[in-house]
Amino acid sequence: MDCRLRPDESHGGEGLTAARRLDGTACAAQIRSEIAPRIAAFIQRHGRPPGLGVVLAGEHPASEIYVRNKIKTVAAAGCYAELFRLSAGATLDEALALVTRLNAREDVDGILVQSPLPEGMGPGAEQRVFDALDPTKDVDGFHPYNVGRLVQRRPTLVACTPLGCMELLEREKIPLRGRHAVVIGRSDIVGKPMALLLLHQDATVTICHSRTADLPAMARTADVLVAAIGRPGFVTRDFVKPGATVIDVGINTLTTQAEVFRCFPEGSRKRAHFAEKGSVLAGDVHPGVEEVAGALTPVPGGVGPLTIAMVLRNTVTAAENRVS
Ligand code: NDP
């Protein structure tokens with residue numbers, strides 16, 4: 001398989017070698033095929049499939065897409081997956097009541113509450129809802145019990161996006177022991193668990209954030225650089241040591257020409273896509289990085305499919321753990 005980025009995705013720069021493309025779509029397909037026998041065995045033994053309940057509150061276009069993809073993938077694998085909707089005006093008490101009902105359902109092994117919850121639920125609502133989950137059903141790994149287990153290096157259910165990044169690094173045989181990993185972003189959902197997982201693989205880890213001094217210089221010391229920021233094209237080539245592995249977690253939807261022109265070169269497929277559709281997806285990593293990095297995840301087709309594969313795997317793991 002040719003792992004190089006396609007020429008029309010290149011950012012120019014004659015004579016420079018394009019980074020190896022870390023194909024998240026192919027890796028996710030492989031993981032799904034490995035999980036299939038576990039699902040079949042569960043059904044045979046328990047007379048029902050592993051079950052996932054997904055809670056979606058409000059109307060957030062990106063969340064609709066994420067949730068649809070998660071349910072589709074989990075159902076296609078032979079599990080039971082059901083969407084539970086709450087209106088945009090739903091209260092925190094209604095969300096907590098729904099979680100309590102799902103906690104009690106025998107056929108629901110995993111519960112996923114799609115973030116963000118509507119602002120009307122008040123500050124801290126998301127954490128209150130995550131805290132209310134039965135930790136054995138917490139397939140996102142956001143409950144303090146599961147976070148604590150991860151910190152203590154005895155994880156049960158781990159946040160899906162960082163877990164997916166680790167799967168990709170392992171399967172692509174990217175060395176971590178003794179290497180310097182820099183994670184840009186310190187969210188509870190991505191940055192912090194990512195840093196812990198890298199640490200547990202014996203990387204030396206630095207976590208960066210919006211207050212980090214001279215971020216490009218810090219990032220340039222990384223053998224493995226993880227960008228989880230939420231700013232399109234933020235990580236430019238001056239952030240990257242030649243040959244480093246770069247994991248682009250960011251998913252940003254660009255809707256203005258100025259943003260698209262800043263992120264993508266003239267003649268690129270992304271500009272053409274924007275001209276046709278009016279929006280285009282961009283990662284946190286600028287395409288020019290492909291000329292410097294040794295390996296790079298694309299957006300889309302990098303971390304996204306792995307996150308979904310980990311939702312499936314965590315659902316099956318939760319089901320197996322609950323009945324054992
Ligand atoms: P958050 O907004 O929760 O966190 C962003 C982090 O980036 C914060 O720690 C913030 O620092 C840091 N940051 C923001 N601006 C800067 C800056 N100028 N310099 C340095 N650091 C900065 O985002 P998430 O962690 O939830 O998500 C990050 C990205 O990953 C988003 O694009 C999101 O869409 C994407 N994502 C993708 C997933 C996938 O499946 N591929 C799944 C989940 C998220 P500070 O703490 O100081 O504010």
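These numbers come from the heavy atoms of this one structure, side chains and all, not from hydrogens, waters or symmetry mates. Note that ligands are numbered from 1 as they come in the structure, with each ligand's atoms numbered from 1 the same way.
- Using a 4.0 Å cut-off between heavy atoms, Thr212 makes no contact with ligand 1 at all.
- For atom 2 (O) of ligand 1, the closest non-hydrogen atom of the protein is Ile229 O, 4.4 Å.
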Trace of the salt bridge (Lys or Arg N to Asp or Glu O under 4.0 Å) decision for Glu172 with Arg20: CA-CA 10 Å; Glu172 293 284 348; Arg20 181 158 68 96; 2.5 Å; yes
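- Set against the non-hydrogen atoms of Gly185, the atoms of ligand 1 under 4.0 Å away are 6 (C), 7 (O), 9 (O).
- Residue Gly230 holds the heavy atom nearest to atom 32 (O) of ligand 1 of all those in Ala219, Gly230, Gly164.
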Checking Arg179 against Asp223 for the salt bridge (Lys or Arg N to Asp or Glu O under 4.0 Å) test, could you report, in this order, the C-alpha distance in whole Å, the side-chain angles of both residues, the deciding distance, and whether it holds? CA-CA 6 Å; Arg179 305 299 165 104; Asp223 301 301; 5.3 Å; no
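- Looking from atom 4 (O) of ligand 1 to the surrounding protein, the closest heavy atom is Ser187 CB, 3.8 Å.
- When all heavy atoms are compared, the tightest approach of Arg171 to Cys27 is CD-SG, 3.5 Å.
- The atoms of ligand 1 that sit less than 4.0 Å from any heavy atom of Leu215 are 19 (N), 20 (C).
- Of the possible donor and acceptor atoms, none in the side chain of Asp140 sits under 3.5 Å from a partner among the backbone N and O of Ala159.
- In this comparison of Pro232, Ser210, Gly302, the heavy atom closest to atom 48 (O) of ligand 1 sits on Ser210.
- Ranking the protein heavy atoms by distance from atom 19 (N) of ligand 1 puts Phe234 CZ, 3.5 Å first.
- For Ala228, the closest heavy-atom approach to ligand 1 falls below 4.0 Å.
- Residues Asp284 and Ala227 come closest through the heavy atom pair OD2-O, 3.7 Å.
- At the shortest separation from atom 46 (O) of ligand 1 among protein heavy atoms lies Arg186 NE, 2.7 Å.
- Nearest protein neighbour of atom 37 (C) of ligand 1, counting heavy atoms only, is Val249 O, 3.1 Å.
- Looking at Val235, Val226, Thr161, Thr297 and measuring to atom 43 (C) of ligand 1, the nearest heavy atom belongs to Thr161.
- The ligand atoms of ligand 1 that sit less than 4.0 angstrom from a heavy atom of Gly304 are 40 (O), 41 (N).
- Selection from Val183, Thr307, Ile251 by nearest heavy atom to atom 40 (O) of ligand 1 gives Thr307.
- Proximity of a side-chain donor or acceptor of Lys137 to a complementary backbone N or O of Ile111 within less than 3.5 Å is not detected.
- A ring-centre distance under 6.0 Å is found for Phe234 and Phe239.
- With salt bridges taken as basic N to acidic carboxylate O contacts below 4.0 Å, one links Glu320 and Arg38.
- Asp109 places no side-chain N or O within donor-acceptor distance of the main-chain N or O of Pro50, the cut-off being under 3.5 Å.
- Within the 4.0 Å heavy-atom criterion, the part of Asn252 lying near ligand 1 is the side chain and not the backbone.
- Salt-bridge formation is detected for the pair Glu82/Arg105: a Lys NZ or Arg NE/NH1/NH2 atom is positioned less than 4.0 Å from an Asp or Glu carboxylate oxygen.
- Between Glu106 and Arg322 there is a salt bridge, since a side-chain N of the basic residue sits under 4.0 Å from a carboxylate O of the acidic one.
- Of the candidates Arg231, His209, Lys192, it is His209 that places a heavy atom closest to atom 21 (N) of ligand 1.
- Among protein heavy atoms, the minimum distance from atom 27 (O) of ligand 1 is reached at Val190 CG2, 4.3 Å.
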